[in-house]
Structures are given as structure tokens and as C-alpha cells.
Amino acid sequence: MKRKVLVIAGATAVGKTSCSIAIAKQFSGEIINGDALQVYRGLNIGTAKITAAEMDSIPHHLIDTHTIEESYHVKSFQEEGRELIEAITNRGHLPIVCGGTGLYIKSLLYDYTFSDQAKDEDFIIFLGTLSNAQLFALLKQVDHKACETIHPHNRKRMIRALEMAHLGDKKSDIIDRQEHKLCYDAYLIGLTIPRDQLHQRIEQRFALMMKQGLFEEVEGLVKSDPNIWERQCFQAIGYKEWSDYFNGKATIAQCGEQIIKNTKRFAKRQDTWFRNQLPMHWYDTQTDDWQKRIMSDVEQWLQTKGDGNHG
RNA sequence: GGUUCCUUAGCUCAGUUGGUAGAGCAAAGGACUGAAAAUCCUUGUGUCCCCAGUUCAAUUCUGGGAGGAACCA
């Protein structure tokens with residue numbers, strides 16, 4: 001029988017965190033963070049990370065597990081997430097994945113496979129010297145099928161596919177070998193709210209972040225690490241935008257505008273992902289009874305036998 | 001009060017020697033299998049401020065009106 005996993009997903013600032021706490025309390029759950037950037041210690045305000053007080057003694061996992069010098073990847077998330085689901089289930093608790101990183105959540109729930117092969121840095125450096133057209137031509141030779149889904153301008157994807165082929169397992173072959181079915185008896189909750197209201201919430205939340213000391217947090221990180229701008233974690237919205245300020249190219253207000261704009265775009269991409277990539281059950285947080293409906297739907301789902309046919 | 005200039009997409013502005021219009025930004029939609037808060041793709045009908053005149057035809061020319069800007073009193 002498949003393990004039960006509850007997922008709470010949706011765009012940034014819809015209210016996933018408070019929803020997850022309410023559900024965890026009701027069904028004795030433990031929360032697995034599904035946000036790519038909340039694993040980094042020190043990135044707190046800008047990632048809207050849950051505070052110890054907000055956790056309300058609900059166990060949380062995959063938060064603050066990495067330093068800002070480290071890099072985190074889907075593969076690690078998938079491995080650690082699966083181990084956690086196992087452990088939490090064995091404890092008699094309900095695993096609840098809560099977050100907004102679509103790829104992470106999908107790779108955890110489905111049979112995505114990532115090889116163990118080590119990187120060939122020299123090869124990647126070589127690929128970096130090629131033009132887009134050259135990369136595409138090369139990919140066409142080694143993995144013709146992958147070309148169908150990778151746009152010839154998307155360097156990152158072309159380089160990765162070429163790397164996979166170089167290491168001996170083509171991207172298209174790996175995908176063909178998968179069943180593309182849920183590995184768990186998962187119930188996916190998608191939180192949503194009309195776009196214009198989400199935009200308002202994003203603006204309000206940014207103002208709150210500034211009040212809570214976002215700028216000071218960034219300033220502290222900049223002072224503590226001379227290479228901070230090259231760190232993977234500093235491609236996060238709410239952090240990367242400040243480089244213009246520290247270079248003297250923008251004011252604090254201008255950086256703030258940029259952060260709000262990027263957050264709105266990000267929220268749109270998240271919506272698109274969850275809408276089209278995963279079998280979500282949507283709940284509009286504008287309706288009065290959305291929490292009640294979630295509680296009763298989850299209750300019902302918990303009583304079914306794990307056949308994985310939800311969604 | 002006078003003179004000159006301005007009014008076109010959500011915003012900033014091009015433009016049409018008269019044949020109903022297009023850039024940037026914003027926005028919307030989409031893709032996504034080891035950076036994913038990343039990376040990449042697609043999308044422009046709008047009373048061309050209002051009214052009247054000239055004209056086969058006016059957003060474009062003429063007159064009037066409204067709103068705005070600068071300068072002069």
C-alpha cells in the first residue's frame with residue numbers, strides 16, 4: 001500500500017504556512033518544507049520562513065539544513081523528502097509537504113530518477129564556450145528526442161541534457177523509463193486567490209518584511225560573506241535585487257519595487273506550474289468555508305485505502 | 001489675460017507627406033526531470049481628448065472647445 005502524503009502548494013504569499021499548521025494540528029502531522037530556499041540558514045525574512053513561535057511545536061523538516069555557502073538541489077530534496085516521509089509515517093504521523101517549489105514537489109511524488117554520476121566540470125566548462133546554435137546542434141546529435149522539448153535559446157537546459165548524455169544516460173531515455181505515476185497516495189491541496197488580491201498581499205508582505213528588517217538581514221549577509229552575490233542562495237527574490245543598491249546603482253526604494261515585481265512574476269509561474277503539472281485540489285482562500293472544506297476533504301481522504309488514485 | 005507647445009495601449013512615448021497605428025516598460029498565457037525564488041517561449045483593437053468643417057476617406061489638415069506644460073504680462 002502506498003504511503004499517504006499531504007501536499008500544500010500554491011503561489012507565494014497565499015497563506016500556505018498558517019494553513020499547514022492548522023492541518024498538522026488537526027491530523028497530527030509533521031511538516032516537510034517544499035521551498036527551495038528555506039533550507040538556507042540565515043535567509044529568514046526574505047524567504048518568509050516560518051518562525052519558531054509560528055511552528056507552534058509542530059515538527060518541521062528541511063528548514064535551515066544548509067549554510068549559505070552550500071548549494072541545494074532537487075536530487076537532495078527528493079532523497080531527504082522520501083526518507084522523511086518514511087520516518088514520519090513510521091512514527092504514526094502524517095507527512096505534510098508544504099511549499100512552492102513545483103519541481104521539488106513533483107520529483108518527490110513521481111518517479112523522477114536522478115543518476116549518481118559525478119559531474120564532469122571540464123565538459124561543462126567546454127559547453128559554456130559554445131553558442132546556443134552550437135549547443136543545439138550538438139544536442140541534436142546525441143539526444144535528438146530531447147531537442148523536441150528544449151527551446152534552442154534555453155542554454156541551461158541544453159547544457160544539462162548534453163551533460164546527461166555525456167555521462168552515459170540520455171535525458172530522453174531516463175524520462176522514457178519512468179512510469180509517470182504518483183509514488184504515494186497523495187492529496188494535493190492548492191491554495192489560490194484572485195490575482196489582483198495576491199498582488200496586494202505581495203505588496204503588503206514586502207512592506208512587512210522591510211519592517212521586520214529585511215534590509216538589515218541582507219546587509220549582514222553581505223558583510224559576512226564577500227562572495228555572497230555568487231552564491232546559489234542569493235539568486236533568491238528578495239536578496240538578489242539588492243546588488244544594485246550595494247553597487248550604488250539604485251536606491252532602497254527602487255530595489256523594493258524590483259522585489260515586488262519579481263515576486264509577482266514568480267507567483268504567476270508557480271500558479272502555472274501547479275495548475276498544469278500536478279493533480280491539485282484547489283481551494284480559493286477568499287471563500288468563507290475553505291478551511292472547513294479542506295479539513296473534511298482531508299478527513300475523507302485519510303479514511304480511504306491508499307490506492308494512489310487521488311487526482 | 002497673451003504666445004508657444006502638448007493630449008495616441010495600464011505607463012513613457014514614436015508614427016501615419018490624409019487610406020483607422022507601433023516600440024520600450026508593465027501585464028497576460030505557456031514550457032519545465034540535478035541552479036527551479038532558476039531558465040526559456042508566445043501575446044499589442046486602442047472612442048489615436050471632444051465637437052464641427054474640408055475630403056471619396058481625418059488619428060493626421062482647418063476652426064472651436066476641454067485638460068495640461070513653459071514663457072510673457
Side-chain angles (χ1 to χ4, degrees), chain A residues 9-13 16 33-40 43 45-49 66 70-80 99-121 124 128 132 135-136 143 145-167 169-180 183 194-196 198-199 202 205-206 209 230-241 257-278:
Chain A
T12 185
K16 296 188 290 290
N33 162 246
D35 264 323
L37 286 142
Q38 295 193 3
V39 299
Y40 295 106
L43 268 60
I45 299 170
T47 61
K49 197 182 283 170
H66 289 70
E70 295 173 303
S71 292
Y72 196 63
H73 306 280
V74 213
K75 182 175 159 66
S76 321
F77 175 80
Q78 189 196 45
E79 285 170 1
E80 290 159 11
T101 305
L103 177 66
Y104 281 22
I105 294 172
K106 191 171 183 184
S107 78
L108 176 69
L109 301 178
Y110 288 81
D111 57 339
Y112 276 28
T113 49
F114 303 110
S115 82
D116 286 321
Q117 279 154 319
K119 284 195 176 222
D120 183 342
E121 297 292 347
I124 293 173
N132 285 348
L135 287 172
F136 196 72
D143 189 353
K145 209 172 168 187
C147 287
E148 291 166 17
T149 51
I150 300 176
H151 192 277
H153 289 177
N154 203 334
R155 291 183 70 79
K156 217 179 206 179
R157 295 259 163 81
M158 290 193 288
I159 287 173
R160 171 87 258 259
L162 284 165
E163 184 196 0
M164 288 163 104
H166 177 70
L167 294 174
D169 214 355
K170 288 193 276 185
K171 173 172 172 166
S172 57
D173 288 343
I174 291 173
I175 291 175
D176 282 347
R177 254 181 267 133
Q178 295 166 359
E179 287 186 60
H180 301 101
C183 305
R195 187 64 61 76
D196 55 333
L198 183 65
H199 284 185
I202 286 169
R205 194 179 65 174
F206 173 73
M209 283 177 174
E230 280 83 60
R231 301 293 182 200
Q232 185 178 310
C233 69
F234 247 54
Q235 59 182 8
I237 294 168
Y239 297 90
K240 63 178 170 189
E241 292 87 354
E257 290 301 309
Q258 203 60 36
I259 289 171
I260 289 170
K261 192 170 77 189
N262 286 341
T263 307
K264 289 175 181 174
R265 286 174 173 170
F266 171 49
K268 184 151 71 80
R269 268 178 279 133
Q270 287 177 302
D271 266 345
T272 302
W273 178 286
F274 292 121
R275 202 167 38 230
N276 302 322
Q277 296 280 331
L278 292 168

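Residue numbers begin at 1 in each chain, while the letters A, B, ... track the order of the sequences.
- Nucleotide B:G22 has B:C13 as its partner under the Watson-Crick or G-U criteria, with both atom distances under 3.5 Å.
- Distances from the side chain of A:Asn154 to the nucleotides B:A37, B:U39, B:A27 place B:U39 closest.
- Proximity of A:Arg269 to the phosphate of B:A31: no side-chain N or O atom is located under 4.0 Å from OP1 or OP2.
- Pairing for B:U39 goes to B:A31, judged as Watson-Crick or G-U wobble with the two contacts each under 3.5 Å.
- Taking 4.0 angstrom as the limit, A:Gln277 places none of its side-chain polar atoms (N or O) nearer than this to OP1 or OP2 of B:G30.
- Of the N and O atoms on the side chains of A:Asp111 and A:His180, not one donor lies less than 3.5 Å from an acceptor on the other residue.
- For B:A36, one of the phosphate oxygens OP1 or OP2 lies less than 4.0 angstrom from a side-chain nitrogen or oxygen of A:Tyr104.
- Aromatic ring orientation, A:His151 versus A:His153: perpendicular (interplanar angle above 60°, classes split at 30° and 60°).
- For the pair A:Val74 and A:Gly238, both in contact range of RNA chain B, the more 5′-proximal nearest nucleotide belongs to A:Val74.
- Applying the 4.0 Å criterion to OP1 and OP2 of B:A37, one finds that A:Thr101 has a side-chain N or O inside that range.
- With B:A26, B:U33, B:G29 as the choices, the nucleotide that has an atom nearest any side-chain atom of A:Arg275 turns out to be B:G29.
- Distance from the side chain of A:Lys268 is smallest for B:G29 among the nucleotides B:C32, B:G29, B:U33.
- For A:Thr272 and B:G30, the shortest distance from a side-chain N or O to OP1 or OP2 is below 4.0 Å.
- Between A:Asn276 and B:A31 there is a side-chain N or O to OP1 or OP2 distance below 4.0 Å.
- A close approach under 4.0 Å does occur between a side-chain nitrogen or oxygen of A:Arg195 and OP1 or OP2 of B:G29.
- With a 3.5 Å ceiling on both atom-pair distances, the Watson-Crick or G-U wobble partner of B:A66 is B:U7.
- Summarising the base pairing, B:C61 is matched to B:G53 through a Watson-Crick or G-U wobble pair whose two defining distances lie under 3.5 Å.
- Of the candidate nucleotides B:C25, B:U33, B:A37, B:C25 has the atom nearest to the side chain of A:Lys261.
- In a base pair of the Watson-Crick type (N1 to N3 plus N6-O4 or O6-N4) or a G-U wobble (N1-O2 and O6-N3), with each distance short of 3.5 Å, B:U47 is matched with no nucleotide.
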Any N/O pairs under 3.5 Å between the protein and nucleotides 41-44 of chain B? List them or say none.
residue : atom : partner  : partner atom : Å
B:C41   : OP1  : A:His153 : ND1          : 2.9

